[in-house]
Amino acid sequence: MAGEALEAVIAGVNTLVTRLKTNPLALDVAYLSVITFAKEARQLVPLTEVSSFELPKLSVRTGTSLGAVLRALMQSIQRDVVKTTPTEKGDYRPLVFLLTDGQPTDEWESAAKELKKIRPKIANIYAIGCGLDVDVNVLRAVSDIVLMMKDLSPDSFHKLFIWLSASVQSVSAKPGGLGLDDLPMLPNIPYEVLEFPSQAATRDPNPRQVFLHARCAGTKRPYLMRFARDPLDGLYYAVASHPLEIIEAGDSNLLPPINSANLRGCPSCPYCLNPTAALCPCGSLTCSSPNTQDTIVCPSCNSTLVFGGRTNFDVKRSQG
Ligand SMILES: [Zn+2]
Ligand SMILES: [Zn+2]
């Protein structure tokens, strides 16, 4: 997740936390944990009382390791959630909000099967697809509760998180939490924000977005260029670029390359604002000034780039 959508999710989680911190019932019983998944899954915040929960910095990373995050989730629940026994009253069954904007980039099917096999269910999982890159069938394999966000505007994320906060608060107010047979769907779903996708959702086989890695010629720091597909002409138009902390090894070997003839425009470098990019024979993209007199040294392999007349070339794609 990158850009405006990531900012909106961070704002949304903060809204949720603020609401729970001011609700005495939730303050009493609710615990929160955050697990992120990009190239790998990380439990950023272990299960923590609402009163002391702080959201750490979330950064843009590439990849969508759904299998890894499902395994991390199962481990955390089995380790951290107290089970009810004949002699001891355990924790409420967790609510899990799984937000994803991409297609899985790891082996996820076995983890989804394992999760669905566990009886009684270890959690009520809301699988929430954010944007058109998400495959509804993947979400269905993970959970019975599948929702899709209609758009990714800050306002829609705000409404989503208000609804999620209400869901947590209503479970907190219920003695014993949600029973095993309770309908997990909670009321007042914001219809302008979410929809239940129909069983036979058809999919456009073309990716909605294309991501390319580049490095700044000046600072050598990596960034991610984002292009979105215009369904009318099928071409990918420059949207934005996002600073990256690192380029993860092997990231661009998983997707077929894209030919530059399908790309329109170029997002400027987020560090030095250079408006164009050049492709080095080593395969790396570097930001470049539009002035062809300037010498560019490839930040990846240090060779000097010469402007050639090639107009169509293949570029390695990165995961979103
Ligand atoms: Zn630059
Ligand atoms: Zn190079």
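Atoms within each ligand, like the ligands themselves, are counted from 1 in listed order.
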- Would you say Met149 and Ile128 make side-chain contact, with heavy atoms under 4.5 Å? yes
- Please work out the angle at the Zn ion (ligand 2) defined by atom SG of Cys280 on one side and atom SG of Cys282 on the other, rounded to 10°. 100°
- Query: Taking the Zn ion (ligand 2) as the vertex, how big is the angle to SG in Cys301 and SG in Cys298, rounded to 10°?
  - Reply: 110°
- At what distance, to the nearest 0.5 angstrom, does CG of Leu139 lie from CG of Leu98? 7.0 Å
- Any chance you could measure Ser288, atom OG, to Ile296, atom CD1, to the nearest 0.5 Å? 4.0 Å
- Query: Is there a donor in the side chain of Ser33 and an acceptor in the side chain of Gln43, or the other way round, less than 3.5 Å apart?
  - Reply: yes
- Message: How large, to 10°, is the angle at the Zn ion (ligand 1) when you draw lines to SG on Cys216 and to SG on Cys287?
- Response: 110°
